[in-house]
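To start, the structure itself, in structure tokens.
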2 protein chains.
Amino acid sequence: MVAVKSGKLSASLEDYLEAIFNLAGESNVAHSKDIAELLDVSRSSVTGALRILKKKGLANYRPYDSVTLTGAGRAAAAEVVQKHNILKSFLVNILGVDVDIAQRAACKAEHTLGPEVIARLLCFIEFVTRSSKNGYDLADEFKQFCKNKLQDNRV
Amino acid sequence: MVAVKSGKLSASLEDYLEAIFNLAGESNVAHSKDIAELLDVSRSSVTGALRILKKKGLANYRPYDSVTLTGAGRAAAAEVVQKHNILKSFLVNILGVDVDIAQRAACKAEHTLGPEVIARLLCFIEFVTRSSKNGYDLADEFKQFCKNKLQDNRV
DNA sequence: TGACAAAGTTAGGCAAGGCTAACTATACTG
DNA sequence: CAGTATAGTTAGCCTTGCCTAACTTTGTCA
């Protein structure tokens with residue numbers, strides 16, 4: 001019974017997980033300092049978060065050492081990252097939202113949308129991809145449509 | 001200079017505004033008790049929130065009296081409500097998400113998505129409506145596509 | 001090898017937002 | 001009009017999550 005699914009994680013903790021996941025990459029380890037910089041947070045806040053993640057069985061952490069994620073931690077992080085990517089892809093590739101704005105929006109919404117919504121969003125992306133292969137470029141059609149509309153309304 | 005645009009509101013305060021707006025309806029007034037019930041929060045939390053909304057010039061509030069929104073408050077609330085409705089409409093009518101799940105998702109995401117994203121989402125809804133008038137029922141096509149997909153993945 | 005810089009931790013504090021319990025005001029009803 | 005139920009408020013507390021300042025550990029290099 002290693003990986004207790006201890007309830008939902010806060011948005012903040014998910015951010016830390018995501019940061020560690022992204023920083024770790026191949027090497028598998030992340031450093032407090034980099035986490036702090038990535039999340040724009042003080043080093044002491046990182047220390048606090050790591051202790052909580054450890055307690056929840058999501059991170060391997062010992063004072064003054066670098067961090068790795070446990071299996072459960074990696075799974076949880078991967079889920080968040082996946083949500084992020086799906087959201088961003090939808091926003092950029094289908095809605096045509098500016099990349100930076102989409103990035104920021106995805107960073108927030110990734111914590112609020114449940115699996116049902118994310119699954120359908122992913123499905124929708126596939127649907128659009130499929131239809132573009134079949135000769136109907138929905139995203140592009142929409143971009144045209146949207147350009148006029150948004151122009152009218154000065155948004 | 002009545003309506004100071006005093007920075008962004010927290011998700012919590014937006015929830016209170018939205019609740020008051022929805023409860024007020026025609027009558028224009030809302031009662032603490034109903035706000036508390038709607039938001040599933042204690043009455044004392046409502047009192048605290050109302051004092052803040054008053055301070056921000058968003059609510060007309062006097063102890064032991066019912067609440068109304070100021071012009072600025074109504075505008076801010078309407079914006080949140082609009083985001084909510086756009087999101088919910090997208091989730092239900094295009095993605096085919098279950099109504100209750102969509103409702104809950106919209107309640108959260110309404111606080112995190114900026115005007116650029118919302119504007120495009122609205123535009124997308126119009127786009128889909130338009131194309132259905134032109135004989136291509138995109139939402140329905142997607143529902144078919146999705147049904148198979150999601151079945152396969154047991155989501 | 002020892003001194004210094006960089007990384008990490010600890011202590012203490014703050015703000016937001018929620019809670020319960022106890023109190024006050026209001027309003028309804030006999 | 002008195003008494004009680006209901007609505008609203010206040011006081012005091014808790015949790016989350018962040019901060020700064022001061023301290024400790026680690027690692028590097030002269």
Side-chain angles (χ1 to χ4, degrees), chain A residues 6-20 23-24 27-69 73 76-77 80 104 107-108 110-112, chain B residues 6-20 23-24 27-69 73 76-77 80 104 107-108 110-112:
Chain A
S6 41
K8 282 281 140 263
L9 292 166
S10 68
S12 170
L13 286 181
E14 284 189 352
D15 278 335
Y16 283 104
L17 276 183
E18 196 181 7
I20 298 168
L23 287 169
S27 72
N28 209 27
V29 308
H31 296 271
S32 251
K33 193 206 164 210
D34 302 320
I35 300 171
E37 275 168 14
L38 188 59
L39 296 181
D40 196 26
V41 130
S42 75
R43 283 173 335 229
S44 69
S45 295
V46 176
T47 302
L50 293 182
R51 296 211 282 147
I52 295 170
L53 291 178
K54 182 207 176 97
K55 197 176 306 171
K56 287 183 183 290
L58 299 171
N60 302 116
Y61 160 73
R62 269 180 336 188
Y64 297 103
D65 203 358
S66 49
V67 207
T68 63
L69 294 176
V80 176
R104 279 193 294 270
C107 275
K108 304 214 157 178
E110 70 196 10
H111 307 299
T112 69
Chain B
S6 42
K8 282 278 139 265
L9 292 166
S10 68
S12 169
L13 286 182
E14 285 189 352
D15 279 335
Y16 283 105
L17 276 183
E18 197 182 7
I20 298 169
L23 287 170
S27 72
N28 209 27
V29 309
H31 296 271
S32 252
K33 193 206 164 207
D34 302 320
I35 302 171
E37 273 168 17
L38 188 59
L39 296 181
D40 197 25
V41 129
S42 75
R43 279 164 327 183
S44 69
S45 296
V46 176
T47 301
L50 292 182
R51 297 213 280 146
I52 295 170
L53 289 178
K54 182 206 174 97
K55 199 176 305 171
K56 288 184 183 291
L58 299 171
N60 302 116
Y61 161 72
R62 269 179 337 189
Y64 296 102
D65 203 358
S66 50
V67 207
T68 64
L69 293 177
V80 176
R104 279 194 293 271
C107 275
K108 304 214 161 180
E110 70 196 11
H111 307 298
T112 68

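A note on names: the letters A, B, ... follow the listed sequences, proteins ahead of strands, and every chain is numbered from 1. Note that these values count all heavy atoms, side chains included, but never hydrogens, waters or copies made by symmetry.
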Nearest whole Å is fine: how far is [N] [atom2] from [X] [atom1]?
{"X": "A:H111", "N": "D:dT16", "atom1": "NE2", "atom2": "P", "value": "17 Å"}
{"X": "A:L39", "N": "D:dC19", "atom1": "CG", "atom2": "C1'", "value": "15 Å"}
{"X": "A:L50", "N": "D:dC18", "atom1": "CG", "atom2": "C1'", "value": "15 Å"}
{"X": "B:R51", "N": "D:dT9", "atom1": "CZ", "atom2": "P", "value": "9 Å"}
{"X": "A:L53", "N": "D:dT16", "atom1": "CG", "atom2": "P", "value": "13 Å"}
{"X": "A:R43", "N": "D:dC18", "atom1": "CZ", "atom2": "P", "value": "16 Å"}
{"X": "B:K54", "N": "D:dG8", "atom1": "NZ", "atom2": "C1'", "value": "15 Å"}
{"X": "A:L9", "N": "D:dT16", "atom1": "CG", "atom2": "P", "value": "12 Å"}

(request) Check for a donor-acceptor pair, side chain of A:K54 on one end and backbone N or O of A:Y61 on the other, with a separation under 3.5 Å. (result) yes
(request) Determine the contact category for A:S32: base if any of its heavy atoms lies under 4.0 Å from a base atom, sugar-phosphate if only primed atoms, P, OP1 or OP2 are that close, otherwise nothing. (result) sugar-phosphate
(request) Quick one: label A:V46 by what it contacts on the DNA or RNA (base, sugar-phosphate, nothing), any heavy atom closer than 4.0 Å. (result) nothing
(message) Taking 4.0 Å as the cut-off, does a side-chain nitrogen or oxygen of B:Y61 come that near to OP1 or OP2 on D:dT9?
(response) yes
(message) Need to verify one output field. Residue with the more 5' nearest nucleotide on DNA chain D, A:P63 or A:S10?
(response) A:S10
(message) Against A:N60, only a single residue in A:N28, A:D65, A:T68 fulfils side chain to side chain donor-acceptor pair (under 3.5 Å); can you say which?
(response) A:T68
Where is the tightest heavy-atom contact between [X] and [Y], given as atom of each residue plus distance?
{"X": "B:L17", "Y": "B:A76", "result": "CD1-CB, 3.7 Å"}
{"X": "B:A24", "Y": "B:S27", "result": "O-OG, 2.8 Å"}
{"X": "B:V29", "Y": "B:S66", "result": "CB-OG, 4.0 Å"}

(message) What range of DNA chain C does chain B touch, first nucleotide to last, counting atoms under 4.0 Å from its heavy atoms?
(response) C:dG17 to C:dA25
(message) Check this for me: does the side-chain of A:S44 come within 3.5 Å of the base of D:dT20 through a donor and an acceptor?
(response) yes
(request) To the nearest 0.5 Å, tell me how far A:L9 CG sits from A:L53 CG. (result) 7.5 Å
(message) For a quick check under 3.5 Å, do B:S12 and B:S10 share a side-chain donor-acceptor pair by atom type?
(response) no
